[in-house]
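Reckoned from all heavy atoms, side chains included, excluding hydrogens, waters and symmetry mates.
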Amino acid sequence: MKIKIEYIWMDGHVPTAKLRSKTKVIEGPVTDISEIPEWGFDGSSTMQAEGEDSDCILKPVRYISDPIRGGNHLLVICEVFTAEGKAHASNTRAKLKVIADKYRDQEAWFGIEQEYTLFKGRSPLGWPDGGYPAPQGPFYCGVGADEVFGRELVETHLDRCINAGLNISGINAEVMPGQWEFQIGPCGPLEAADEIWLARWLLYRTGEESKVSATLHPKPVKGDWNGAGAHTNFSTKAMRSNGGLELIHEACRKLEKNHHEHILQYGAHNEERLTGLHETCSFEDFRYGVSDRGASVRIPLATALAGNGYLEDRRPSANMDPYIVCRMLLETVCGD
Ligand code: ADP
Ligand code: MN
Ligand code: MN
Ligand code: MN
């Protein structure tokens, strides 16, 4: 039986990698990642190679069932290697893998809140052509045709994520009309980051059907409108256990010390979003606190009350690379 496998990878686009994919037909079904062959592509078309000698290698690393094609068809996320067999410079997953293995015994969990904005043509979905809707206020978790735009697409995307077996844990309409969020996790670093990329791919692919595009730009509309982030919730086994709150405070102090290094890699154009307004802390500053949605890092109230749990890094922007953000959190918090 022939099956279709969609090979998905991140390109070399700067400053923000874009998703690419293409289909290979093989004899199926497939029951293990080792049965999915390596493949190649022309790196000169994806900003991953120069003119001649442009072949790059796609190495399958995680597959899920394809909820759109159904049957035994698959989606597979790939790492990119050079023809010489080295991890390509754009392959941020390979670097996360090293660090995830190094700190495996700490059993880190990540829960990522992916915000995004739907666009129809040049305006956010539901916005009057060339104009603005009513000011923000009623839209967050709203209901009703005058307040919520794109629910059909969002529901289809959720169903597809569930059917594909992703660790999707919820969705909600956001503060700016046309803006939404889905959450992946909690699960391990490679799993969470792979699944964010797969869920993004499913979102873009689902949008094709109604000619709606999703953007991850951190500030899709300038002015008094909320930006789009990717709050990254993080815990280690010790943080989740009795007395973990002290370790969470210690983690916050480590993150404070490394604020500048982190913020530079938390997504392009993030300074447009982290202004100190709209439930953010300024790009320049670092603050942490219990239940504080104007902080860089928030300790959820339930965590403070229970004395253990997790922290929420509110700084990553919607267009961040989860391989980079998860790696930096592991390095800073789990390292000495
Ligand atoms: P918010 O109140 O900030 O909107 P959400 O409910 O959108 O929070 O997202 C919270 C995220 O935190 C979810 O993705 C959830 O899976 C994740 N999460 C819950 N517990 C943990 C934990 N112990 N470690 C890491 N992430 C967690
Ligand atoms: Mn949320
Ligand atoms: Mn949100
Ligand atoms: Mn949040």
Side-chain angles (χ1 to χ4, degrees), residues 96 99-100 102-115 140-141 158 161-162 166-175 180-196 199 226 228-259 262-263 266 274 276 278-281 285-318 320 322 325-336:
L96 170 61
I99 300 302
K102 181 171 172 188
Y103 296 117
R104 186 164 299 279
D105 58 336
Q106 299 202 29
E107 297 181 36
W109 288 357
F110 291 84
I112 301 176
E113 305 167 48
Q114 176 70 67
E115 294 180 341
Y140 170 73
C141 297
L158 175 60
C161 287
I162 293 171
L166 296 181
N167 289 294
I168 190 160
S169 55
I171 55 169
N172 61 270
E174 270 302 338
V175 177
W180 292 83
E181 168 179 317
F182 63 82
Q183 301 107 29
I184 293 285
C187 48
L190 285 167
E191 217 178 355
D194 286 344
E195 292 195 10
I196 281 287
N226 268 45
H231 298 167
T232 302
N233 301 273
F234 172 79
S235 63
T236 59
K237 188 175 183 192
M239 291 180 188
R240 297 189 294 271
S241 310
N242 250 342
L245 189 59
E246 184 39 48
L247 295 173
I248 293 172
H249 280 279
E250 191 186 320
C252 291
R253 292 190 291 270
K254 286 179 172 173
L255 290 169
E256 180 165 34
K257 241 187 241 156
N258 293 281
H259 173 62
H262 278 247
I263 204 77
Y266 271 17
L274 297 181
H278 305 112
E279 301 168 75
T280 69
C281 182
D285 305 328
F286 182 95
R287 283 210 323 274
Y288 70 93
V290 173
S291 201
D292 181 359
R293 289 179 186 265
S296 318
V297 174
R298 175 176 70 110
I299 300 173
L301 184 61
T303 293
L305 291 176
N308 58 70
Y310 61 99
L311 61 82
E312 178 192 41
D313 191 341
R314 299 175 61 81
R315 296 171 294 172
S317 64
M320 59 81 154
V325 169
C326 292
R327 172 175 55 76
M328 295 190 85
L329 281 168
L330 287 171
E331 281 180 322
T332 300
V333 174
C334 297
D336 311 314

Heavy-atom pair with the smallest gap, counting every atom of [X] and [Y]:
X	Y	value
A199	I184	CB-CD1, 4.3 Å
C252	V297	SG-CG1, 3.8 Å
A295	G289	CB-N, 4.1 Å
Q183	N172	NE2-OD1, 3.1 Å

Which is it for Y266 and D313 under the side chain to side chain donor-acceptor pair (under 3.5 Å) test, yes or no, and what are the steps along the way? CA-CA 10 Å; Y266 271 17; D313 191 341; 2.8 Å; yes

Yes or no on side chain to side chain contact (heavy atoms under 4.5 Å, CB included) for L158 and I168, after CA distance, side-chain angles and deciding distance? CA-CA 8 Å; L158 175 60; I168 190 160; 3.8 Å; yes

In terms of side-chain heavy atoms, does E174 have a donor or acceptor partner in N226 at a distance below 3.5 Å? no

Going by atom types alone, do R315 and H259 pair a side-chain donor with an acceptor below 3.5 Å?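 On atom types as modelled, these side chains qualify, holding a pair under 3.5 Å.
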
Checking the side chain of K254 only, and the main-chain atoms of V333 only, is there a donor and an acceptor separated by less than 3.5 Å? yes

Going by the side-chain contact (heavy atoms from CB on, under 4.5 Å) test, name the single residue among L96, L329, D194 that passes it with P189.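 Of the listed residues L96, L329, D194, the side-chain contact (heavy atoms from CB on, under 4.5 Å) partner of P189 is L96.
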
Give the intermediate values and the outcome of side chain to side chain donor-acceptor pair (under 3.5 Å) for residues S235 and R240. CA-CA 7 Å; S235 63; R240 297 189 294 271; 2.9 Å; yes

Go through it in stages, so that I can follow the logic: the residues are H262 and T332, the test is side chain to side chain contact (heavy atoms under 4.5 Å, CB included), and I'd like the CA-CA distance, side-chain angles, deciding distance and then a yes or no. CA-CA 9 Å; H262 278 247; T332 300; 2.6 Å; yes

Any salt bridge between E246 and R253, counting N to O under 4.0 Å?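 A salt bridge is present here (some side-chain N lies under 4.0 Å from a carboxylate O).
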
Intermediate values then yes/no, side chain to side chain contact (heavy atoms under 4.5 Å, CB included), E115 and F182: CA-CA 7 Å; E115 294 180 341; F182 63 82; over 6 Å; no

Residue pairs passing the salt bridge (Lys or Arg N to Asp or Glu O under 4.0 Å) test with at least one member in residues 296-312, sequence neighbours excluded, are R298-E312, E312-R314

Would you list the pairs meeting salt bridge (Lys or Arg N to Asp or Glu O under 4.0 Å) in which at least one residue belongs to residues 180-191, sequence neighbours left out? none

Kindly compute the distance separating CD1 (I299) from CG (D292), expressed to the nearest 0.5 Å.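 One finds 10.0 Å between CD1 of I299 and CG of D292.
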
Holding to side chain to side chain contact (heavy atoms under 4.5 Å, CB included), I want the full list of residues that pass it with L305, two or more places apart in sequence or in another chain. L301

